[in-house]
Amino acid sequence: MIVCIAEKPSVARDIAEVLGAHTRKDGYIEGNGYQVTWTFGHLCTLKEPHEYTPNWKSWNLGSLPMIPPRFGIKLIENPTYEKQFHIIEGLMQNADEIINCGDAGQEGELIQRWVMQKAGAHCPVKRLWISSLTEEAIREGFAKLKDQADFQSLYEAGLSRAMGDWLLGMNATRLYTIKYGQNKQVLSIGRVQTPTLALIVNRQLEIANFQPKQYWELKTNYRDTIFSALIRKSDEEIAAEEEKNGGKKKMDNPGIDPITNREEGEALVKRIKDLPFVVTSVGKKDGKEYAPRLFDLTSLQVECNKKFAYSADETLKLIQSLYEKKVATYPRVDTTFLSDDIYPKCPGILKGLRDYEVLTAPLHGATLPKSKKVFDNSKVTDHHAIIPTGVYAQNLTDMERRVYDLIVRRFIAVFYPDCKISTTTVMGEVDKIEFKVTGKQILEPGWRVVFAKDVKDTAEEKDDDDENVLPAFIKGESGPHIPDLNEKWTQPPRPFTEATLLRAMETAGKLVDNDELRDALKENGIGRPSTRAAIIETLFKRNYIRKEKKNLIATPTGVELVQLIHEELLKSAELTGIWEKKLREIEKKTYDARQFLEELKQMVSEIVMSVLADNTNRRITIQDAVGVKTGEKAKKEPKKRERKVNVSKEKKKNSEAGEPKEVKTEASPSPVATPVFSPSSIPDSLVGQPCPVCGKGIIIKGKTAYGCSEWKNGCTYRKTFD
């Protein structure tokens, strides 16, 4: 008998249907020589500290660092899980062959391998590796079953990740809770969670400490067109350009110096207002705009957050549901490309998109373009970008329909012609002061048609873009103009939203707009596409961050925790990104898993020694979630976040969040090990708390008093030092 094991019952039913197994039994489906069974996500987990040695049950500094000589796994204590595991164990003991049908990714591999190990499976094992759950994909996958050994490095990477999260999460959480916590509150520290929190806190402190600077812009109106004076580039900007251009120096640096005071600006206006404006050059350049890239999980989460304000976690659940409903491909991917073998299937997929026939009709019968910007085997590893399967989408919720619509339109758009544009640049001069204006005209909308509300609206959309079209200028023409001086202030960086935080996690804190550069930085991103949403949810759950409209704001506890941590390895996105890169290299067989764990053990030992050497009596202020909310909407926020979560999903979440089960259940360390300090003994406990006057800003510390970060917007809060 061949035993197939899937990650959840719904997937097992789909597989059983294709295999011709129709007899339902307790915990599995049988027929046609197959027994198809399932897990509920994780059935097994790494053992808890006290299961290695009883001394590790109590939380005390003397037992740190906790480094097991050999990691072990155990069955999760849950009657439903235990019953299902024993069914699986019985099937596997009598199997002639096992087919691992787990999710085709690192976590899916780990889940099933642990179950097989715990069950003592000893027969040959094959691997089903598919990117969608359509009948065609399942049949094709079973026709091309792979050997389990081919995925050994994937398993080793997943195992290294789990053990690394245990080592850092267990040790650092106990260490910081005992050393700096109070009132028996756990201070949760994680390999990815803490650097993510640090990104939010550092951005918040940048905003709070930002000193706005005033400057002025010189503009002039010539023939109802606003021209801007060229500003000379700073030495830093020139150096950055040279570095970008491989050290090549640019000789010319035209323009005036930045205008930093009104008198200087007014003198320039007076100097040029009665002199004629002369057009010195008119340049026109035709170009193309390419269709947006297909989605990977992160870019889909970013788009859904921007367009619909969906959280990363909500988007992940929605796309997972679309995958299980067979209308979208595997979601936990980090590539925006398709492999060459998908190209022949594309006409069939397009044909299946019946609700989009108006958009797909122009593509029928024609040879679809095969662009390297879409099809590139070298950019695809385990799975390709998220695309529709071509199965007719029925019974979708409104939220699912919105996400599905985004995926479908991106897919259709990549087969449309490029958008043709014309860019016009006009240069002018008044008394040797150079001015510039640029206009863009859409000549042929191409793929933009796909994103219009309706094809009929395309002409209207085109008209909107044509507002940028400039009047016809001729080189050498001149005439009167009306100069003007505009007062401006430098702006602080914006707070993170879930969309911008996901991008920052993807690129280890370096926010970039360029797709190619983003791809290069993905190697050092923190977390995995499939777990970043869970990391953000963990920060909410731990009351380290809260939401204010779409902005993510660190709570006083979150701010204090990051400021307390001096070990860069714990909070640096860049350094954590290097660890992530090593995990990817283990998967690619270019880095040794044992070396990774040895390095991590060394790192944990160094962190423990560093914190134990701190002789200060600092304590973190633990503030209740309600106390940090501002406004009526914010009060409702905890309800929104306190969802019932499937236990198996919660386990999955914890493995990446550096928060193993023991931290969750053993939330009250021994009172002896955790001295209680009153809040008044904490230095600068006001810093980072919400402003009691405006409720928008946070309290910052000046030279003689505390103030509000919204002072420049009129907040009057001030408290002198005692």
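Model, not experiment: these values are computed from the prediction.
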A.B. asks: Hey, does the side chain of Glu289 reach the backbone of Cys419 with a donor-acceptor pair shorter than 3.5 angstrom?
C.D. replies: no

A.B. asks: Which heavy atom in Val391 sits nearest to a heavy atom in Tyr404, and how many Å separate them?
C.D. replies: O-OH, 4.1 Å

A.B. asks: Can you tell me if Glu136 has over 12 outside heavy atoms packed within less than 6.0 Å of its CD?
C.D. replies: no

A.B. asks: Does Tyr343 have any ring pair (Phe, Tyr, Trp, His ring centres under 6.0 Å) partners at least two apart in sequence or in another chain, and if so, which?
C.D. replies: Phe375

A.B. asks: Using the six-membered ring wherever Trp is involved, compare the ring planes of Trp114 and His42 and label them parallel, tilted or perpendicular (cut-offs 30° and 60°).
C.D. replies: tilted

A.B. asks: How long is the span from the CG atom in Leu502 to the OG1 atom in Thr507, to the nearest 0.5 Å?
C.D. replies: 10.5 Å

A.B. asks: Might you confirm whether atom CD of Glu17 has over 12 heavy atoms from other residues, nucleotides or ligands at distances under 6.0 Å?
C.D. replies: no

A.B. asks: How are the rings of Phe308 and Tyr310 set to each other: parallel, tilted or perpendicular (split at 30° and 60°)?
C.D. replies: tilted

A.B. asks: I'd like to know if the side chain of Asn377 and the backbone of Asp340 have a donor-acceptor N/O pair within less than 3.5 Å.
C.D. replies: yes

A.B. asks: Do the non-hydrogen side-chain atoms of Thr194 and Thr576 ever get within less than 4.5 Å of each other?
C.D. replies: no

A.B. asks: Shortest non-hydrogen contact from Pro331 to Tyr323?
C.D. replies: CD-CG, 3.9 Å

A.B. asks: Would you mind reporting whether Met603 and Leu168 have side-chain heavy atoms less than 4.5 Å apart?
C.D. replies: yes

A.B. asks: Can you tell me how far the OG1 atom of Thr196 sits from the CZ atom of Arg191, to the nearest 0.5 Å?
C.D. replies: 10.0 Å

A.B. asks: Is there a side-chain contact between Leu569 and Trp579, using heavy atoms and a 4.5 Å cut-off?
C.D. replies: yes

A.B. asks: Do Trp447 and Tyr290 make the cut of ring centroids closer than 6.0 angstrom?
C.D. replies: no

A.B. asks: When you measure from the side chain of Thr531 to the backbone of Ala534, do you find a donor-acceptor pair of N or O atoms at a distance under 3.5 Å?
C.D. replies: no

A.B. asks: For Val201 and Ala554, work out which heavy atoms get closest and say how close.
C.D. replies: CG2-CB, 3.7 Å

A.B. asks: Measuring from atom OG of Ser299 to atom NZ of Lys306, what distance do you get when rounded to the nearest 0.5 angstrom?
C.D. replies: 10.0 Å

A.B. asks: Using a 4.5 Å cut-off on heavy atoms from C-beta on, say whether the side chain of Thr335 contacts that of His383.
C.D. replies: no

A.B. asks: What's the verdict on salt bridge (Lys or Arg N to Asp or Glu O under 4.0 Å) for Arg161 and Glu580, showing C-alpha distance, side-chain angles and the deciding distance?
C.D. replies: CA-CA 9 Å; Arg161 180 181 294 276; Glu580 286 286 349; 3.1 Å; yes

A.B. asks: Any side-chain to backbone donor/acceptor pair from Thr590 onto Ile586? Under 3.5 Å, distance only.
C.D. replies: no

A.B. asks: Will you find, in the side chains of Arg584 and Gln106, an N or O donor that is under 3.5 Å from an N or O acceptor?
C.D. replies: no

A.B. asks: Would you say that more than 12 heavy atoms from the other residues, nucleotides or ligands in this model lie under 6.0 Å from the NZ of Lys146, or not?
C.D. replies: no

A.B. asks: For residues Arg113 and Gln148, determine if any side-chain heavy atom of one lies less than 4.5 Å from a side-chain heavy atom of the other.
C.D. replies: yes

A.B. asks: How far apart are the C-alpha atoms of Gln320 and Arg332, what are their side-chain angles, what is the distance that settles it, and do they pass the side-chain contact (heavy atoms from CB on, under 4.5 Å) test?
C.D. replies: CA-CA 9 Å; Gln320 180 68 24; Arg332 291 169 165 80; 2.5 Å; yes

A.B. asks: For Ser339 and His384, which I'm curious about, is there any donor-acceptor pair between the side chains at under 3.5 Å?
C.D. replies: no

A.B. asks: What are the two closest heavy atoms between Asn305 and Ala499, and how far apart are they?
C.D. replies: OD1-N, 3.1 Å

A.B. asks: For Leu46 versus Ala162, what's the shortest heavy-atom pair and its separation?
C.D. replies: CD1-O, 3.6 Å

A.B. asks: Below 4.5 Å, heavy atoms only, C-beta onward: do Pro369 and Tyr416 meet side chain to side chain?
C.D. replies: no

A.B. asks: Is the number of heavy atoms from other residues, nucleotides or ligands within 6.0 Å of NZ (Lys420) greater than 12?
C.D. replies: no

A.B. asks: Do the side chain of Gln112 and the main chain of Ile5 share a donor and acceptor less than 3.5 angstrom apart?
C.D. replies: yes

A.B. asks: If we ignore angles and hydrogens, is there a donor and acceptor under 3.5 Å between the side chains of Gln193 and Ser188?
C.D. replies: yes

A.B. asks: Please assess Phe411 against Ile386 for the test side-chain contact (heavy atoms from CB on, under 4.5 Å), listing each intermediate value before the final yes or no.
C.D. replies: CA-CA 9 Å; Phe411 180 69; Ile386 302 169; over 6 Å; no

A.B. asks: Evaluate the side-chain contact (heavy atoms from CB on, under 4.5 Å) criterion for residues Glu324 and Lys8: first the C-alpha distance (whole Å), next the side-chain angles of each, then the deciding distance (0.1 Å), finally the verdict.
C.D. replies: CA-CA 10 Å; Glu324 288 170 21; Lys8 56 180 68 175; 2.6 Å; yes

A.B. asks: Can you list everything that forms a side-chain contact (heavy atoms from CB on, under 4.5 Å) with Ala198? Sequence neighbours excluded, please.
C.D. replies: Asn202, Val562, Lys571

A.B. asks: Please indicate whether Glu599 has more than 12 foreign heavy atoms, meaning atoms of other residues, nucleotides or ligands, lying under 6.0 Å from its CD.
C.D. replies: yes

A.B. asks: Would the distance check show the side chain of Ser131 and the main-chain N or O of Thr329 forming a donor-acceptor pair, the cut-off being under 3.5 Å?
C.D. replies: no

A.B. asks: Looking only at atom types and distance, does a side-chain atom of Glu585 sit under 3.5 Å from a main-chain N or O of Tyr591, one as donor and one as acceptor?
C.D. replies: no

A.B. asks: Is any side-chain heavy atom of Leu338 closer than 4.5 Å to one of Val414?
C.D. replies: no

A.B. asks: Could you go step by step and tell me if Phe295 and Thr336 meet the side-chain contact (heavy atoms from CB on, under 4.5 Å) rule?
C.D. replies: CA-CA 5 Å; Phe295 285 115; Thr336 56; over 6 Å; no

A.B. asks: Would you say the side chains of Arg494 and Thr500 form a donor-acceptor pair under 3.5 Å?
C.D. replies: no

A.B. asks: Any heavy-atom pair between the side chains of Leu552 and Leu539 that's under 4.5 Å?
C.D. replies: no

